[in-house]
Amino acid sequence: MVVASTMGIVKSFAGGLLMTMVLVVLVPIICNQYISPAIVDTVGGSNFLMISSEMLVNLIMWAIILGFMVLLGGTMILKKCGVFGVLGLIVAYWLLGDVTDALIPLLMLALSVIIMKTIKIKKEKKTTH
């Protein structure tokens, strides 16, 4: 019984660590090496509604990066890996050299938890009345 729960904790911790490493290390490499050049080639020198091609590339890249953040960010780590996954997130930033960089993901995580709890409470109040 203790071994099974310990393995679950280790898996959760490793999941949070891995998801953070992928988001912080691999996603920028993939975006800069492969996705950004493909978007630049596709957009070329065209303008759309008075938006320059550089601005279009930046907007598309931000959308892609935000998508990765939704899939691999702190809220998803908490949802998939639990509290020990969030500890893995903190350790990942520590391994990358500066644990204070984990402040923004943790603040976003706290904000999302507060919002989700508020929505849940409002739904419960609505269904009871």
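Side chains are part of it too, since the values below use all heavy atoms of this structure and drop only hydrogens, waters and symmetry mates. Keep in mind that what you see is a predicted model, and the values were worked out from it rather than measured.
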How many angstroms lie between atom [atom1] of [X] and atom [atom2] of [Y], to the nearest 0.5 angstrom?
X	Y	atom1	atom2	answer
Asn58	Ile65	CG	CD1	9.5 Å
Trp94	Leu87	CH2	CG	13.5 Å
Met19	Leu72	CE	CG	5.0 Å
Lys117	Glu124	NZ	CD	9.0 Å
Ile77	Ser12	CD1	OG	11.0 Å
Ile35	Ile29	CD1	CD1	12.5 Å

inquiry  = Can you confirm whether more than 12 heavy atoms, excluding those of Met76, are under 6.0 Å from its CE atom?
reply    = yes
key: Other residues, nucleotides, ligands: >12 heavy atoms within 6.0 Å of Ile104 CD1   = no
message = Are Phe13 and Cys81 packed together at the side-chain level, in the sense that at least one heavy-atom pair is separated by less than 4.5 angstrom?
response = no
request  = For residues Thr75 and Met108, determine if any side-chain heavy atom of one lies less than 4.5 Å from a side-chain heavy atom of the other.
outcome  = no
Hydrophobic clusters here meaning ILVMFWY residues chained together by side-chain heavy-atom distances under 4.5 Å, can you tell me if [X] and [Y] are in one?
X	Y	answer
Val113	Met69	yes
Leu78	Leu103	no
Leu95	Leu26	yes
Leu71	Val86	yes

request  = Only counting residues at least two apart or in another chain, list the ones meeting side-chain contact (heavy atoms from CB on, under 4.5 Å) with Leu96.
outcome  = Met21, Val24, Val25
message = I need the single residue from Leu109, Leu17, Leu106, Leu23 that forms a side chain to side chain contact (heavy atoms under 4.5 Å, CB included) with Leu89. Which is it?
response = Leu106
task = Might you work through the side chain to side chain contact (heavy atoms under 4.5 Å, CB included) test for Asp98 and Tyr93, ending with a clear yes or no?
result = CA-CA 6 Å; Asp98 191 5; Tyr93 277 102; over 6 Å; no
